[in-house]
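To find a chain, count down the sequence lines: A is the first, B the second, and so on, and within it residues start at 1.
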2 protein chains.
Amino acid sequence: MVGRSDVGGKGWLDMRVTKAQAEQNRAHIVTTAARLFRERGYDGVGVAELMAEAGFTHGGFYKHFRSKADLMAEASANGLSRTASLTETLDIAEFVESYVSREHRDGRGEGCTIAALSGDAARQPEDIRTEFAAGIESLTAALQAEGDASPDTHQRTARATVIDALAHSVGAIMLSRACPDGSSLADEILDVCRESILASLTHGDGSQSAAGSTSPQPA
Amino acid sequence: MVGRSDVGGKGWLDMRVTKAQAEQNRAHIVTTAARLFRERGYDGVGVAELMAEAGFTHGGFYKHFRSKADLMAEASANGLSRTASLTETLDIAEFVESYVSREHRDGRGEGCTIAALSGDAARQPEDIRTEFAAGIESLTAALQAEGDASPDTHQRTARATVIDALAHSVGAIMLSRACPDGSSLADEILDVCRESILASLTHGDGSQSAAGSTSPQPA
DNA sequence: ACCTTACGATTACGGTCATCATCTAAAAAG
DNA sequence: CTTTTTAGATGATGACCGTAATCGTAAGGT
């Protein structure tokens, strides 16, 4: 390992790195990881491949993160907040329309982290599930809040209604993705559910009586 | 299938047929794998650990399966058909009641393969997704068929209603499982969705009646 | 201008993984 | 009986994994 006496400064250049650059590189690693995890699952992407995709070699990874598990949690939080912020301009009906769609189903890497990784997250340590709970809360809050700004007859959507529609939408996407590409069942699930969810939103759905615990708790 | 077809004549074939025990061992490996995959995901359990859990060493694995991917497909089919057959005695309301429950959420290994592995299946090769589509169809058929035996009161539930309720239930379980153990959100999701799904079954479309028999059966 | 800090590259370590070669004993086939 | 076949055990192989030690180098504070 000592053979690096190095002669002649020929070395390929790779001058970069300022403090701000490093921070930017770190952020890039996180968002890259978030996308790769959505596409292939937490176990489907290794540190080396991840860093390569971000434009680095795998060695520098541990200057940014203490472990892969740490990055998994951070990438999850990043992806979840991304979904929530993208949703902030949508009301529930618009959200459902774009969420329960073929485009979303077929664009896993660019889609919702909940739909892409909740199955994996369920088996991960608690810190990741805590991020998911927070992400669900943020998304719920975003969907409830929409309409508040509008002066007209919009009223804040009931929390239960939002949670229900979200679970319904997630289930539709996951079932559809579990079917073979182009299968009629995959499309049928999407169409049936989208119509049903939208109907339940416009329908006289004012039923959110006390069902179990109603204690919102952002983590 | 211990069928001893046995040919008295001199047909050339019949080179197969091993001990009946081998066939039984193979089946045991498949059901063990189905449970372990549900608990930890396809990538979360290795061949050696799997075989050990089934009571064997890892070497004999390839006398039964050509690859781990082969077993993954077979174990998926096994788990999915198990869920469908366990559901055959339930109508939709009973199904939802037992499916969208804390017991099911917390008993991943003994629960529904769709809820446990659809997130993983979406990233697997087509043969596994074909099994999932078939499993969804079987489960849908089982839920539609229930009630046919009864005289007038029940009529065949609409396919769309069943698919919709199934996706909704799956989404509820997956979201709840993605939350930390014992979190209030995890329980809230379950309670909100269960009530909503049951409500949509009783007053939604033009074909459905209330529950007649009561036999809540945890899978 | 020093000196400290640390990004990122290189290389290597244990460990685990799927897969397979080989051996064995026993069951089937003759 | 003998021969053939094979379920399962044992052990090796090579690839890949997460993690870490080392180092060149440049940035940032003083």
Side-chain angles (χ1 to χ4, degrees), chain A residues 1-30 32-33 36-37 40-73 75 124-125, chain B residues 2-30 32-33 36-37 40-73 124-125:
Chain A
M1 54 183 66
V2 192
R4 181 113 350 229
S5 49
D6 165 56
V7 291
K10 149 134 163 232
W12 60 54
L13 44 143
D14 85 308
M15 11 194 44
R16 12 182 109 159
V17 192
T18 71
K19 197 79 175 197
Q21 255 290 347
E23 201 66 32
Q24 183 177 330
N25 288 342
R26 187 194 144 102
H28 183 232
I29 294 172
V30 171
T32 300
L36 288 180
F37 286 150
R40 307 186 219 164
Y42 294 121
D43 292 341
V45 190
V47 172
E49 188 189 3
L50 202 185
M51 291 293 278
E53 186 97 3
F56 305 103
T57 56
H58 67 280
F61 178 85
Y62 292 89
K63 299 296 181 182
H64 289 296
F65 312 97
R66 266 178 317 181
S67 67
K68 185 192 181 185
D70 259 36
L71 174 66
M72 281 161 52
Q124 297 299 325
Chain B
V2 197
R4 184 194 295 274
S5 53
D6 170 68
V7 293
K10 45 195 70 212
W12 82 56
L13 57 96
D14 229 337
M15 54 224 300
R16 300 183 94 32
V17 193
T18 60
K19 308 183 272 192
Q21 181 73 22
E23 204 66 32
Q24 181 178 330
N25 288 342
R26 189 196 144 102
H28 183 231
I29 294 172
V30 172
T32 300
L36 288 179
F37 285 151
R40 307 187 218 163
Y42 294 121
D43 292 340
V45 48
V47 171
E49 188 188 4
L50 203 180
M51 291 293 278
E53 186 97 3
F56 304 102
T57 56
H58 65 280
F61 178 86
Y62 292 90
K63 300 294 181 181
H64 288 296
F65 312 97
R66 269 191 323 233
S67 67
K68 186 192 180 185
D70 260 36
L71 174 66
M72 282 161 53
Q124 297 300 325

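In this structure, of C:dA9, D:dA9, C:dC7, it is C:dA9 that holds the atom nearest to the side chain of A:T57.
Between A:M72 atom CE and D:dC17 atom C1' the separation is 14 Å, expressed in whole Å. Taking atom CG of B:L50 as the reference point, atom C1' of D:dG8 lies 15 Å away to the nearest angstrom. At whole-Å resolution of the value, CZ in B:R26 and C1' in D:dT6 are 15 Å apart. Between the CD atom of B:Q21 and the P atom of C:dA28 there is a distance of 11 Å, rounded to whole Å. Between B:N25 atom CG and C:dA27 atom P there is a gap of 13 Å when expressed in whole angstrom units.
Sorted by first and then second residue, the salt bridge (Lys or Arg N to Asp or Glu O under 4.0 Å) pairs involving residues 55-72 of chain A (not counting sequence neighbours) are A:R66-A:D70. Note on residues 53-62 of chain A: pairs passing salt bridge (Lys or Arg N to Asp or Glu O under 4.0 Å), not counting sequence neighbours, are A:R35-A:E53.
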Quick one: which protein N/O atoms are closer than 3.5 Å to N/O atoms of nucleotides 18-22 of chain C? Pair and distance per line, please.
residue	atom	partner	partner atom	Å
C:dA18	OP1	B:K68	NZ	2.7
C:dA18	OP2	B:V47	N	2.6
C:dT19	OP2	B:Y62	OH	2.7
C:dT19	OP2	B:K68	N	3.0
C:dT19	O5'	B:Y62	OH	3.1

Restricting both atoms to N or O, compile the protein contacts to nucleotides 28-30 of chain D shorter than 3.5 Å, with distance only.
residue	atom	partner	partner atom	Å
D:dG28	OP1	A:K19	N	3.1

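Contacts of B:E49 classified as side chain to side chain donor-acceptor pair (under 3.5 Å), with partners at least two apart in sequence or in another chain: B:R40. Under the salt bridge (Lys or Arg N to Asp or Glu O under 4.0 Å) criterion, A:D43 pairs with no residue at all, not counting sequence neighbours.
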Are B:M51 and B:T57 close enough, and set up right, to give a side-chain contact (heavy atoms from CB on, under 4.5 Å), and what steps lead you there?
-> CA-CA 6 Å; B:M51 291 293 278; B:T57 56; over 6 Å; no
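Across every non-hydrogen atom of B:L71 and B:L50, the tightest pair is CD2-CD1, 3.3 Å.
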